Amino acid sequence: MGARLLIAILLFGAVAGSGLALAYSKHLGRQASAELRILEKQADALTAEWARLQLEESARASHGRIERTVREQLHMRMPTEPEIWVITP
Amino acid sequence: MSAARFRVVSRVRRAALLVAATAAVAVLLWRVVDLQVLNRDFLRGQGTARHERVVVMPAQRGNIVDRRGEPLAVSALIDSIWANPKALAAGNAPLGELAQRLRVSASELEQRLGHPEREFAYLQRHVEPSRADAVMALGVTGIYRMKEARRYYPAGEIAAHLLGYTNIDDAGQEGLELAYDEWLRGVPGKRRVIKNRRGDVIEDLGVIQDPQPGRDLRLTIDRGLQYLAYRELKAAVLEHKAKGGSLVLLDVERGELLAVANLPAFNPNNREDRGSETVRNRAFTDLFEPGSTMKPFTVLTALLSGRFKPNTVVDTAPGTYRVGRSTVRDVRNYGRIDVARVITKSSNVGAAKLALAMPAEALAQTYQRVGFGTPTAAGFPGEGSGQLRPWQDWRRVEQATLSFGYGLSVTAVQLARAYSVLATGGVLRPLTLVARETVPEGERVFPEAPVREVRAMLETVVGPEGTAQKAQVPRYRVGGKTGTVRKAIPGGYSRKDYLGLFAGMAPITQPRLVLVVVIHEPRGKSYYGGQVAAPVFARVMEAALRLLNVPPDKVSPLQMASPPTFEART
């Protein structure tokens with residue numbers, strides 16, 4: 001009788017324990033997937049930011065803009081023929 | 001088993017148990033009837049509203065970059081506003097205010113919402129963030145915002161024809177966006193979710209398939225050179241009041257197209273700015289008769305036959321030459337000139353006489369070997385292949401006119417490829433627009449010696465007696481050939497519509513670049529290739545040689561010495 005009772009108690013404990021463990025792991029799963037969603041959103045935001053920055057850099061470094069700036073603000077010009085020297089090794 | 005074990009303990013207790021059990025069964029039965037019969041429709045509706053859905057995860061389209069990795073086409077995310085017409089119809093949404101913030105008329109909004117039974121309708125795609133914020137600030141149930149990809153072309157009109165564009169659903173429609181759509185396009189992913197009645201995701205059941213982003217496409221185009229080429233071409237087209245123009249810059253050592261510019265152009269970032277006239281990449285699709293730019297290949301055939309040397313004399317007097325019922329004319333009477341001067345002066349009579357001294361088959365072989373009549377397969381969709389009739393069908397007059405470039409048609413890119421054979425000393429290398437790992441060996445189609453002789457003749461064209469002094473480039477020896485072609489119109493040739501051409505290479509001692517310039521229908525004072533196209537060649541070539549660090553091959557000794565002010569810094 002004592003042995004049977006002991007087994008029953010042990011089994012009951014195991015069932016209760018596994019039930020709690022299941023609930024807990026489900027909870028962890030939800031937390032992880034929530035975190036995943038946040039991270040995915042962040043990744044998307046970063047990709048968008050990267051594309052935006054690429055576009056901005058490209059707009060600022062456009063050859064037309066550089067040429068205008070260089071000529072108008074820095075007053076640079078192409079060297080004329082006698083100013084060009086070719087250096088031979 | 002003794003009967004004593006079934007002794008009745010208490011009647012009351014037994015009756016109570018019986019009643020309790022019956023009541024429990026009755027409750028359960030009632031609940032079954034309630035769920036299955038009375039509330040069936042309501043519950044089924046609730047069920048579908050909250051069920052599992054598979055949502056698509058869009059994949060990012062690959063970028064297109066130039067040879068140095070500079071972006072030419074980039075996908076970025078932008079807001080789109082959509083509605084659930086069913087949910088919107090249920091509440092009383094302030095549609096007037098909504099239409100105002102979307103900047104559409106009320107009737108337009110109604111039309112976009114469509115049938116109220118539907119669960120999805122776009123209200124406005126690709127809206128700027130401020131307007132999307134204004135719409136969302138209304139807080140109407142059933143209005144949502146989503147992120148969609150939009151394609152941006154930072155180089156704008158400069159590389160518009162090459163890149164083409166995508167439609168609003170991010171699929172390639174024209175140009176390289178179309179040709180490499182498969183490569184650029186990603187594979188969308190799928191995820192399983194549970195959505196609530198309002199369509200919000202309430203639980204994520206996991207990813208079925210991860211989205212695979214598209215791959216980047218690296219071109220051989222150099223954005224800096226493309227800009228320069230476009231700028232100079234545009235300046236020339238404006239100056240000469242031309243209808244359009246094309247320019248092809250080719251690295252002959254690698255078979256790579258460095259710049260392909262066209263006019264008229266369009267802004268690929270603006271969906272309205274896309275007419276069929278402006279969108280065409282003329283350098284690849286438009287066919288024209290190459291005119292005098294064909295003569296070097298006629299002369300090459302003559303040299304290959306062994307019967308002519310560069311100094312063999314050809315009599316072009318009196319400047320006209322009757323072939324059958326037609327007459328070939330020169331601009332003036334050049335008299336007795338050698339083969340080299342046929343190129344320098346661009347003599348039609350000389351070229352025709354050389355061609356008629358040759359079997360038709362030999363000429364056809366040269367033209368075919370430099371690729372006339374076959375597309376370049378550089379990777380551009382809708383490329384023209386050009387026309388070259390089989391030599392067996394040539395009449396005598398045709399053989400004569402072919403020698404100076406009438407009676408066949410080519411594209412600007414084909415012409416550049418043909419000149420690259422002269423530049424490499426007889427090697428035909430397949431062209432490409434897309435960066436490749438290794439440079440293909442190429443195929444030797446002519447022995448080197450006669451090709452070198454033709455190249456020397458091309459240098460005389462930009463010399464003091466040639467037709468294209470304006471093609472000269474400081475510090476570099478260059479060579480090329482002009483062409484001024486009457487446009488073919490139905491029933492003959494136009495009297496007022498010309499094509500100004502220049503095809504050339506530099507540095508002539510060991511050519512690195514080939515550049516072809518085509519100006520369509522110049523309407524200014526001059527229309528000769530040497531006047532309208534050669535200056536573009538000179539300016540673009542000079543800049544390209546400088547930017548690519550090609551060592552000069554023509555420097556006066558004065559400028560060669562190291563000036564004392566320069567000191568080596570380590």
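Here the structure is a predicted model, which means the values were calculated and not measured. Each chain gets a letter, A, B and so on, in the order the sequences are listed, and its residues count up from 1.
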Salt bridge flag under 4.0 Å for residues A:R60 and A:E57: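 A:E57 and A:R60: not salt-bridged.
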Which atoms of A:E67 approach chain B - backbone, side chain, both or neither, heavy atom under 4.5 Å: side chain
Region of A:E49 in contact with chain B, defined by heavy-atom distances below 4.5 Å: neither
Part of B:R191 lying under 4.5 Å from any heavy atom of chain A: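 Only the side chain of B:R191 comes within 4.5 Å of chain A.
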Pairwise distance NZ(B:K147) to OG1(A:T47) - rounded to 0.5 angstrom: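 Taking NZ in B:K147 and OG1 in A:T47, the distance rounds to 12.0 Å.
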Any side-chain donor near an acceptor of the partner, B:R223 and A:S58, under 3.5 Å: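 B:R223 vs A:S58: donor-acceptor pair found between side chains.
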Derivation and outcome, salt bridge (charged side-chain N to carboxylate O under 4.0 Å, His left out), residues B:R145 and B:D133: CA-CA 9 Å; B:R145 95 159 89 187; B:D133 287 343; 2.9 Å; yes
For chain A, the option from B:N63, B:L228, B:L72, B:V74 that forms the most heavy-atom pairs under 4.5 Å: B:V74
